[in-house]
J.: 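Right, I'll just put the structure down here and ask away after.
Just the heavy atoms: all of them, side chains too, but no hydrogens, waters or symmetry mates, feed the values below. Residue numbers begin at 1 in each chain, while the letters A, B, ... track the order of the sequences.
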Amino acid sequence: MITRGKNITQPPMTARDFKATLRLPESAFSMKADLAKREPQWLDRWKKAAIYRSLLERPAKGTFVFHDGPPYANGNMHYGHVLNNTLKDFVTRFRTILGERVKFVPGWDCHGLPIEQNVEKAFGPKLREMTASQRRAKCREEAEKWVKVQSEQRQRIGMMGTWDDPYLTMKPAFEARILEALAAFVDRGIVYRGLKPVWWSSAERTALAESELEYEESHKSPSVYVRFKGDESVKAALKKRFPTMLDRGDVYAVIWTTTPWTLPANRALAVHPAMEYVLLERSDSDGKLEYLLVAEPLAKAVCEACGWSKPELLPRTMHGAETAFVGNELLGLKFAHPFEDRESPVVSALYVEATAGTGIVHTAPGHGRDDYNTGVANGLEVYSPVDDAGEFTEELGPVAKSWGIVGKHVFAANPLIAEKLSELGVLCNKPGDFIVHRYPISWRSKKPLLTRATVQWFIAMDELMATGPHAGKSLREVALSEIDRLAADGADAEREGRESRGWIPAAGRERIHGMIAGRPDWCISRQRVWGVPIPALHCAHCGHANLTGALVRHVAKLFAQKGADAWYDESESVVPEGFACAQCGKSDSFTRDMNILDVWFESGSSYFAVCADQPDLGFPVDLYLEGSDQHRGWFHSSLLVGCATHGSAPYRTVVTHGFVGEKVEQRLADGRVKTLIKAMHKRDIEEKRSRGEDVSVYDPLKMVATDGAEILRLWVATNDYSDDVGLSKAAFDQVKDNYRAIRNVSRFLLQVLRGEVVETVEALGAAGVALGPLDQWQYNKLATLVARCETAYRQYDFRAVIAMVSEFVSDASGFYLDVAKDWLYNDHRSSDRVRSTLAVCDAMVRALAVVLAPILPFTAEDVWDFVPKREGDASSVHLCLWPSLGAPQDLHLDDAVRAVRALRERVNLALEPLVQGWGVEKKTAEKEQRAAGADEARWPESLRIDHARDADAVATVSKDEATLLAPLSGVVTECLLLGGVTVNVHDGAHSVTIQRGTKPQCTRCRRRLRDVDDSTTLCRRCTDAVARWDAEHPSA
RNA sequence: GGGCCCAUAGCUCAACGGGUUAGAGCGCCCGGCUUAUAACCGGGAGGUUCCGGGUUCGGGUCCCGGUGGGCCUACCA
């Protein structure tokens, strides 16, 4: 055999090969994880072993109620789900390992528009011929399909939970609980019927939801400028400023609109309180003067649009008075409606802009959201003389009626209205003028939409509640104080520093608080069939809509047995025995209300349906954990429902996470490249998926199939979920590297154990064997890690867990394990220091498996499988409890280790030039030399050292340092990984000199030692170890 | 348009109520070991803490204003 190499020591041919006598690392635990293939096998095993059930049945230290926010049963799992579900599973598994009982009941949101739309797309016009129940059946099938798909996908990424009995909002029991929640609101007296403007498609005769809107980019609309004549109040107000002027002509306010058909419903003129308005003086064709009120910044544009060639802006001052007004000064002035006999007051609205129109906005509360809000704020009538078909009704005012537009479609009436305005002389521009702009149309018929006030059911935010724990307060008041109660609790928890509570991150409080404070009344009715009906009964005699707590509860009981289909199928049983109209007292004829509840009301009731009053669960729930969009959604609706049913928030803690986005690079102006997250909008995702496209190159389902769920889980854990989480190849490659590092150290620990059941640290102590100083230090480090990880988990800081574990593992690999190899391999198995180190390695691998189990359940189980088992050890890592290593102890070993590692660093630094062949403090010039092929060998060949153990060091340390090193004096050489070390104690600058080791090398442990026997080529330690080994292996 | 939030090394993140020379892990570069070997060890190079002001003895940290990004929401009369 020819060995080529610089310094490989070739043992004499006669020498015995001692390899067999070494205790080298050995384990069947594979380096390769092969996760994609093996994960399903573990899932299968856990299922067969009924791990989850046995966790629920074992004696618990308490209960942790974690309530799953229901994903919508529509479409495949995407990265947002992965992020959310993985975080949830971290919590579930961690709390379980703490010994608490965690019944995690996964759920799905099954009702609602998107599913109904899917079904509509699939069935088309045929759907029209079906009954409500038939349509509902189709929707149910659709929802069931996706529940099944998502259930499999969620389980595949390792989620632990009650998969055989999830909660579905479409189950009869759940539907009944929704109504019970509604009954609570009814009891409190805060449910009412009112008008609300909605987007309405006259072609389909239905209201449309936001998601059903499409926009026509170049829609042509009429453009009319209309003047409203000021009445006496205007004159009176202006006269103070311009005593003479107003005798010369009338004052008009000019408005602009693209919907002339809404003019009959005009109820006010809105101005911005801070905008500047001016009067234009103009003489009409008869030479009569008139004064036109418009916003100052728009005056010129209005004149152009109306063809006023010589309007004059009133001079800045006239008769000593300022002629410009601030909007505020106009409030309350009254102008005459352009054709009906009524007045339009000037009101304030902050949305009035100076970018288009006249700065004075025609306001019809029955025909626009802003207008509606303005109307409500100013006590205006919500008036909408338009029917389902989009045609004018008899409710029109007498003048408009006289134009013969009753029964005419509003858009068809537009030109006629413009003509009439022109005839009346109130139109400032020409009747045929139009503009092209973006306008909403129906997704199905593509016909333009109109805004129309319709009758809806509402929950009042500010009405005082009549009953319940907070009778006399409004829902908004209670909800806001609950938000603050949670925030205060969170602040307390932060001071304690142990376990986080309340709003996490704390900014969540600001968000939901702002939303609750600013939200309008809750519109809970929807004009659809796939949902839970609002069980109101309309009296056929007087038309009164009856909705009482007793009625709702009666229907709830019916739903509990037969499901919500009963509302559509059973016209008689829905009416309680002896039920009479609250208004007219008649009891013989009722029609059912055909609205369903907002799906947010349903999911907002989920804690009530799933947790409250349930064994192993309860109220309030410990934790809700969802994306930050749920401040508007589920957290929000759950809070409102909770305040109505129980008088408090249904959760103690709300954790929110950000969104998953694709990483993109952007070159900045200064040439630097900045990495940004480009979020993937939910709508884009749905759209792309519906076309069968991959949403991203990093499709999560594909990732699971190729790299395994574990990589995704680790990706989640390494990111700061409170912010948006990035998605890129670089990020995933890094996660895989992190994974390997953790896996490899676990593997090495298992290899060190070699499948042997070793003594525990406690057992060693009992046997009178003290841990070696390094072992003690490492064990202490492990105890610290475990304690800190527990805190991090309790604070939902999974990132910190991984960061600390990674650092721990990297440090152990680089120092403790590297150093201990010497005796682990070479000492006899029964030596105290091997026993001691093995006990620590055993503790390490066990603790790591359990600590990582919540985040890496598959890998932890893989490791656990190979941990040599003692009696009483659990068969699965997921049945284990959090490691108890005792409190970390301060044995002053930290200082010793710090000192020895500082010395090691100095030695390494001194060694480096001798190993590397050139000065370590080389600068750029040398680097270039090297690149140019310059002579590398700045050090004589005789000084070259290939490996630390071929070197001896002479180190000088201070007295203080020597004192610190004392506890480790026996293992300094090992810690430095050198052949030999001479430590001189000397005050002054410390120094290290490296020289080639001159002592003979032991062929077994390869260290250079004075005590190597020439004949055996073994050192004392190895001689002893081999002798004992030989005695134990007589046959060998 | 409004509300809330985010920005530190190539990547993922640290840096307790302002306080040494802004750290860690991974990646990258150079080298070693061949007894963790698709592993392991040593060394090294990477930062305008997004930009601009302000407060302060002192700013990654606090304040104001930008820029970029995200979530929610409103509107286009």
J.: Could you state the CE-P distance from A:Met515 to B:A74, rounded to the nearest angstrom?
T.: 10 Å

J.: Rounded to whole Å, how long is the line connecting atom CZ of A:Phe635 with atom P of B:C72?
T.: 13 Å

J.: Which is more 5' along RNA chain B, the nucleotide nearest A:Gly726 or the one nearest A:Arg632? Just name the residue.
T.: A:Gly726

J.: Write down the distance separating the C1' atoms in B:U8 and B:A14, rounded off to the nearest Å.
T.: 10 Å

J.: Contact class for A:Asn744 vs. all strands (heavy atom < 4.0 Å): base, sugar-phosphate, or nothing?
T.: base

J.: Would you classify A:Ala803 as touching base, sugar-phosphate or nothing, given that sugar-phosphate means primed atoms plus P, OP1 and OP2, and contacts are heavy atoms under 4.0 Å?
T.: nothing

J.: Please determine, for B:U48, whether a Watson-Crick or G-U wobble partner exists with both distances under 3.5 Å, and give it or none.
T.: none

J.: Indicate whether OP1 or OP2 belonging to B:C13 is found under 4.0 Å from a side-chain N or O atom of A:Asn719.
T.: yes

J.: Is there a donor N/O on one and an acceptor N/O on the other, under 3.5 Å, for the side chain of A:Glu912 and the base of B:G42?
T.: yes

J.: For B:A9 and B:G46, measure between their C1' atoms and round to the nearest Å.
T.: 6 Å

J.: I need the CH2-C1' distance between A:Trp503 and B:C4, as an integer number of Å.
T.: 13 Å

J.: Could one point to a donor on the side chain of A:Thr262 or the base of B:A77 with an acceptor on the other under 3.5 Å away?
T.: no

J.: Considering Watson-Crick and G-U wobble pairs with both distances under 3.5 Å, what does B:U37 pair with?
T.: none

J.: Among B:A77, B:C41, B:A39, which is the nearest nucleotide to the side chain of A:Arg904?
T.: B:C41

J.: Applying a 3.5 Å limit to both distances, which nucleotide forms a Watson-Crick or G-U wobble pair with B:C62?
T.: B:G54

J.: If the glycosidic angle sits within 90 degrees of zero it is syn, else anti. Tell me which applies to B:G46.
T.: syn

J.: Using the C1' atom on both, measure B:G1 against B:C75 and round to a whole Å.
T.: 8 Å

J.: List the steps and the verdict of ring-ring contact (aromatic ring centres under 6.0 Å, His included) for A:Trp600 and A:His636.
T.: CA-CA 9 Å; A:Trp600 286 115; A:His636 189 116; 9.2 Å; no

J.: Would you call the rings of A:Trp715 and A:Tyr79 parallel, tilted or perpendicular, taking 30° and 60° as the class edges?
T.: perpendicular

J.: Which one is paired to B:C26, where only Watson-Crick or G-U wobble pairs with both distances under 3.5 angstrom count?
T.: B:G10

J.: Please report the distance, rounded to the nearest Å, between CG in A:Asp723 and P in B:A7.
T.: 6 Å

J.: Of the nucleotides B:C40, B:G27, B:C13, which one has an atom closest to the side chain of A:Asp737?
T.: B:G27

J.: Please check the phosphate of B:A36 (OP1 and OP2 only) for any side-chain N or O of A:Tyr825 closer than 4.0 Å.
T.: yes

J.: More than 12 foreign heavy atoms under 6.0 Å from CD of A:Glu510: is that the case here?
T.: yes

J.: If you only use heavy atoms from C-beta on, which nucleotide in B:A77, B:A38, B:C40 is closest to the side chain of A:Ser813?
T.: B:C40

J.: Rounded to whole angstrom, note down the P distance from B:A45 over to B:G10.
T.: 15 Å

J.: What integer distance in Å separates A:Glu807:CD from B:C13:P?
T.: 16 Å

J.: Is the side chain of A:Arg23 donor-acceptor paired with the backbone N or O of A:Val752 at a distance under 3.5 Å, no angle test?
T.: yes

J.: Write down the distance between NE2 (A:His272) and C1' (B:A74), rounded to a whole number of angstrom.
T.: 14 Å

J.: Which value, in whole Å, describes the distance between the P atoms of nucleotides B:G60 and B:G23?
T.: 13 Å

J.: Would you measure the distance from the C1' atom in B:U73 across to the matching atom in B:C26 and give it in whole Å?
T.: 40 Å

J.: Which base, if any, makes a Watson-Crick or G-U wobble pair with B:U20, both distances under 3.5 Å?
T.: none

J.: Taking 4.0 angstrom as the limit, do A:Asp811 and A:Lys781 come out as a salt bridge?
T.: yes

J.: Choose from B:C26, B:G43, B:C72 the nucleotide whose nearest atom is closest to any side-chain atom of A:Leu909.
T.: B:G43

J.: Given B:C6, B:C13, B:A36, which nucleotide is nearest the side-chain atoms of A:Arg799?
T.: B:C13

J.: Please determine, for the side chain of A:Asn908, which listed nucleotide (B:U35, B:C71, B:G42) has the closest atom?
T.: B:G42

J.: In terms of side-chain heavy atoms of A:Asp629, which of B:A36, B:C71, B:C5 is nearest?
T.: B:C71

J.: If only side-chain N and O atoms of A:Arg747 are considered, is one of them under 4.0 Å from the OP1 or OP2 phosphate oxygen of B:U37?
T.: yes

J.: So A:Ala356, base contact, sugar-phosphate only, or nothing? Heavy-atom distance under 4.0 Å.
T.: base

J.: Can we say A:Asp818 and A:Lys821 salt-bridge, meaning some charged N sits less than 4.0 Å from an Asp/Glu carboxylate O?
T.: yes

J.: With a 3.5 angstrom cut-off on both distances, give the Watson-Crick or G-U wobble partner of B:C4, or none if there isn't one.
T.: B:G70

J.: B:G70, B:G43, B:U35: which one has an atom nearest the side-chain heavy atoms of A:Glu905?
T.: B:G43

J.: In whole Å, I'd like the distance from the CD atom of A:Gln751 to the C1' atom of B:C40.
T.: 11 Å

J.: Looking at the base of B:U35, is there any donor atom on it, or on the side chain of A:Arg1006, that sits under 3.5 Å from an acceptor on the other one?
T.: yes

J.: Between A:Trp503 and A:His631, what is the ring plane arrangement, given parallel below 30°, perpendicular above 60°, and tilted in between?
T.: tilted

J.: Do A:Thr258 and A:Ser221 have side-chain N/O donor and acceptor atoms under 3.5 Å apart?
T.: no

J.: Using whole Å, what does the distance between atom P of nucleotide B:C33 and atom CG of A:Leu978 come to?
T.: 15 Å

J.: Can you tell me, in whole Å, how much space there is between the P of B:U48 and that of B:C64?
T.: 27 Å

J.: Parallel, tilted or perpendicular: which describes the rings of A:Phe29 and A:Phe866, with under 30° parallel and over 60° perpendicular?
T.: perpendicular

J.: Could you measure between the two C1' atoms, the one in B:G69 and the one in B:C41, and give it in whole Å?
T.: 42 Å

J.: Taking for each residue the nucleotide of RNA chain B with the nearest heavy atom, is it A:Thr258 or A:Arg1004 whose nucleotide lies nearer the 5' end?
T.: A:Arg1004

J.: Indicate, yes or no, whether a donor-acceptor pair under 3.5 Å links the base of B:A38 to the side chain of A:Lys32.
T.: no

J.: A:Lys19 has a side chain; which of B:U35, B:U37, B:A36 sits nearest to it?
T.: B:U35

